[in-house]
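Reading through the structure tokens given below for one structure.
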Amino acid sequence: MDKERTFVMIKPDAVQRGLIGEIVTRFEKKGIKIVGMKMIKVSRELAEKHYGVHKGKPFFEPTVNYIVSSPVVAMVLEGVNVIETVRKMMGKTDPQEAGPGTIRGDYGQFIGRNIIHGSDSKETAEFEIKLWFNKEELCDYTRIDEEWLTE
Ligand code: IDP
Ligand code: MG
């Protein structure tokens with residue numbers, strides 16, 4: 001089983017509402033490995049690059065304004081099928097539609113303040129990890145519970 005990496009961002013509303021720990025804990029307890037993590041005040045340039053695929057859409061400017069409004073926690077997570085697993089754990093983009101038990105479903109109410117970002121494909125993950133992290137900021141290591149995660 002091949003491991004992959006994904007980019008996750010705990011967005012400004014979640015940082016402001018004291019949800020960093022709750023969210024990180026969910027990934028840790030699932031057995032997903034954190035290989036990079038930092039808090040940053042995002043520049044407009046970085047936010048615009050990150051949401052570049054949405055340029056021209058009505059929510060582009062508001063979303064960039066949201067992301068630069070307060071610090072975020074950026075993370076790289078590693079695991080088998082982690083991109084899809086994280087998307088499932090996050091729930092649908094609109095917290096009103098995200099199911100209970102998902103991060104957006106449990107902690108958010110409105111699409112413009114939806115708590116968390118996670119890469120949506122292998123290609124996006126590769127692009128976003130490179131955009132947000134230097135190689136030296138990512139750690140290769142073994143977690144002691146790894147052998148107990150699989151048969
Ligand atoms: P995703 O974050 O689930 O991948 P995308 O459609 O890629 O969803 O949208 C990127 C982000 O833009 C969303 O997470 C949300 O913060 C914001 N966004 C998307 N659609 C809307 C909208 O209709 N109103 C306000 N913000 C939106
Ligand atoms: Mg997206």
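Along the sequence shown, residues carry numbers from 1. Any value given below was found using the heavy atoms of this structure, including those in side chains, with hydrogens, waters and symmetry copies removed. Numbering of ligands and ligand atoms starts at 1, following listing order.
Applying the ring-ring contact (aromatic ring centres under 6.0 Å, His included) test to pairs two or more places apart or on separate chains, those with a residue in residues 59-107 are H54-F59. Every pair passing ring-ring contact (aromatic ring centres under 6.0 Å, His included) that includes a residue from residues 4-24 is listed here, sequence neighbours excluded: F7-H50, F7-H117, F7-W132.
No side-chain heavy atom of M75 sits less than 4.5 Å from a side-chain heavy atom of M9.
Shown here are the side chain to side chain contact (heavy atoms under 4.5 Å, CB included) partners of E126, two or more places apart in sequence or in another chain: K130.
Around NZ of K30, the count of heavy atoms belonging to other residues, nucleotides or ligands within 6.0 Å does not exceed 12.
Annotation: ligand 1 has protein neighbours K11, Y51, H54, F59, T63, R87, T93, R104, I111, G112, N114, each with a heavy atom less than 4.0 angstrom from the ligand.
A cation-pi geometry, defined here as NZ or CZ lying under 6.0 Å from the six-membered ring centre and within 45° of its normal, does not hold between K33 and F27.
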